[in-house]
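Written out below as structure tokens is the structure these notes cover.
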Amino acid sequence: MAVSDQLQEALDILRDSGVRITPQRHAVLEFLIQSEKHPTADDIYKALESKFPNMSVATVYNNLRVFREIGLVRELTYGDSSSRFDCNTSDHYHIICDQCGKIVDFHYPRLDEVESIAEQITGFDISRHRMEVYGVCEDCKDLAKASH
Ligand SMILES: [Zn+2]
Ligand SMILES: [Zn+2]
């Protein structure tokens, strides 16, 4: 889907949920949709602070929380202080670069059945699953090559 379509759809969802669309909210949402990098609240703040001098990291975070509550974004926590935000809310997995921390989406539908298998084996009611793959991204591999 084109970025502009995705943005329009997200704005419609906000409007339907009765969330006021302020210029800041619009900008945060637009940045999230354009960025495929799963930014932190801090990344978003840094990218937009020149445009919105009165905005704080806390404002960005509050906006992200509103988006999360209506299901527009997912918050990814990695055990450190900074959550990453993902506006791709379809089922997908993440591969994470050990060197630069970049997170890239990939799909692997064959894993869908892991939930029903887990349910059968353990008797749990399954709510979700999570898997991450780690490695070195192409950019970092190129950088390593260039420095030799
Ligand atoms: Zn990398
Ligand atoms: Zn993602």
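From a predicted model like this one, the values you see are computed outputs, not experimental measurements. Each ligand, and each atom within it, is numbered from 1 in the order the structure gives.
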Taking H38 for its side chain and V104 for its backbone only, find out whether a donor-acceptor pair lies under 3.5 Å. no

Going only through I, L, V, M, F, W and Y residues with side-chain contacts under 4.5 Å, is there a path from V19 to L64? yes

Closest contact, heavy atoms only, H92 versus H94: NE2-NE2, 3.0 Å

Under-2.8 Å protein N/O/S neighbours of the Zn ion (ligand 2), ordered by chain then residue number: H38 NE2, D86 OD2, H92 NE2, H94 NE2, D105 OD1

Report whether F124 and I117 are members of the same hydrophobic cluster (ILVMFWY, side-chain heavy atoms less than 4.5 Å apart, transitive linking). no

Just to confirm my numbers, could you give the angle made at the Zn ion (ligand 1) by SG of C97 and SG of C137, rounded to 10°? 110°

So that I can tick it off, tell me whether D12 and R15 are bridged by a salt bridge, with the cut-off set at under 4.0 angstrom between side-chain N and carboxylate O. yes

When rounded to the nearest 0.5 angstrom, what distance separates OH in Y61 from CD in E75? 3.5 Å

